[in-house]
Amino acid sequence: MPTLHDKLDAVIARLRDWPRVVVAYSGGVDSTLLAVLAAQTLGRAHVLAVTADSASLSRADLREAAALAQQLRLNHRVMATREVSDPAYRANTPARCYVCKHTLFVALAQLARAEGYQALLYGALGDDLAGERPGQRAAADCAVQAP
C-alpha cells in the first residue's frame, strides 16, 4: 500500500508532465494543495489558479479563496462563469454539478488555449474517486486532469 510520501511523489512526478498549468481553484483543501504543489514543482510563473465566480458562489467564499491565494503567493485570477443561466442547472437535478463543472472547465480550456497553458487541473481527493461523481465526469469530458 502506498505511503503518503509515495502519493506525494506520484503527484509531483505527474505535474512534471506539463510545463504550464491552470488549476481550478476553489480555495478548498484539494485545489489549494494542488495549486501549491504545482507552483513548487513548476515555478509560480507557470501556474495559474483560477476561481470561478458566479451567483452560485458566496462573496465570503470568494474573498477567502482570494485571500488564501494571496497569502500563498499563487498567481490567481477570478473568472466569471454563468452556469446559473443554464436551465439544466436551475432545474436543481443531480445533473447540476455536471453543468457547473462543465461550464467551468470549458471556460478554463478557452483561457488555457488563449494564454499558452498545456494542461487544466483540478483537485480530487481519493474518496472522490469512488462512485458516480458528475463533476469528475465533466472533467473527463473536458480532458481536465486530477493528478
Taking only residues two or more places apart in sequence or in another chain, which ones pass side-chain contact (heavy atoms from CB on, under 4.5 Å) with Ser31? Tyr25, Ser26
Taking only residues two or more places apart in sequence, or in another chain, which ones meet Arg14 in a side-chain contact (heavy atoms from CB on, under 4.5 Å)? Asp17, Trp18, Gln145, Pro147
Inter- and intrachain pairs under ring-ring contact (aromatic ring centres under 6.0 Å, His included), touching residues 36-68, at least two apart: none
Look at the side chain of Arg44 and the backbone N and O of Leu42, then say whether any donor-acceptor pair between them is shorter than 3.5 Å.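 Pair absent, no side-chain N/O of Arg44 close to backbone of Leu42.
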Within the side chain of Ser85, is there an N or O that forms a donor-acceptor pair under 3.5 Å with the backbone of Arg82?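 It does hold such a pair.
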Please tell me whether [X] and [Y] are part of a single hydrophobic cluster in this structure, the criterion being side-chain heavy atoms less than 4.5 Å apart.
| X | Y | answer |
| --- | --- | --- |
| Leu121 | Leu48 | no |
| Leu72 | Leu33 | no |
| Leu34 | Val21 | yes |

Mind jotting down which residue pairs meet the salt bridge (Lys or Arg N to Asp or Glu O under 4.0 Å) criterion with at least one end in residues 18-27? Sequence neighbours excluded, please. none
Assess the residue pair Val144 and Gln136 against the criterion (side-chain contact (heavy atoms from CB on, under 4.5 Å)); give the C-alpha distance rounded to whole Å, side-chain angles, the decisive distance to 0.1 Å, and a yes or no. CA-CA 9 Å; Val144 181; Gln136 289 178 341; over 6 Å; no
Can you list everything that forms a side chain to side chain donor-acceptor pair (under 3.5 Å) with Ser56? Sequence neighbours excluded, please.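 Checked Ser56 against side chain to side chain donor-acceptor pair (under 3.5 Å); matches are Ser54, Glu83.
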Run the side chain to side chain donor-acceptor pair (under 3.5 Å) test against Glu115 and tell me which residues pass, sequence neighbours left out.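 Here the qualifying residues are Arg77.
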Under 3.5 Å, sequence neighbours excluded: what are the donor-acceptor pairs made by side chains of residues 2-12?
from : atom 1 : to   : atom 2 : distance (Å)
Thr3 : OG1    : His5 : N      : 3.4
Thr3 : OG1    : Asp6 : N      : 3.1
Thr3 : OG1    : Asp6 : OD2    : 3.2
His5 : NE2    : Asp9 : OD2    : 3.2
Asp6 : OD2    : Thr3 : N      : 3.0

Work out which heavy atom in [X] is nearest to a heavy atom in [Y]; give both atom names and the distance.
| X | Y | result |
| --- | --- | --- |
| Val22 | Tyr117 | CG2-CG, 3.5 Å |
| Leu74 | Ala39 | CD2-CB, 4.1 Å |
| Ala65 | Gly27 | CB-CA, 4.1 Å |

Does any pair with a residue in residues 61-76 pass side chain to side chain donor-acceptor pair (under 3.5 Å), and if so which ones, sequence neighbours excluded? Thr51-His76, Ser58-Asp61
Which pairs of donor and acceptor atoms, one on a side chain in residues 98-108, lie under 3.5 Å apart (sequence neighbours left out)?
from   : atom 1 : to     : atom 2 : distance (Å)
Tyr98  : OH     : Asp141 : OD2    : 2.6
Thr103 : OG1    : Val99  : O      : 2.7

Residues Val23, Val47; criterion side-chain contact (heavy atoms from CB on, under 4.5 Å); working and verdict: CA-CA 7 Å; Val23 176; Val47 178; 4.1 Å; yes
Residues that Arg113 engages under salt bridge (charged side-chain N to carboxylate O under 4.0 Å, His left out), provided they are two or more places apart: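 Partners of Arg113 under the salt bridge (charged side-chain N to carboxylate O under 4.0 Å, His left out) test: none.
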Working for side-chain contact (heavy atoms from CB on, under 4.5 Å), residues Leu68 and Thr32: CA-CA 9 Å; Leu68 183 57; Thr32 301; 3.7 Å; yes
For a side-chain contact (heavy atoms from CB on, under 4.5 Å) check, start with the C-alpha distance between Leu111 and Leu120, then their side-chain angles and the critical distance, and finish with the verdict. CA-CA 10 Å; Leu111 170 77; Leu120 305 177; over 6 Å; no
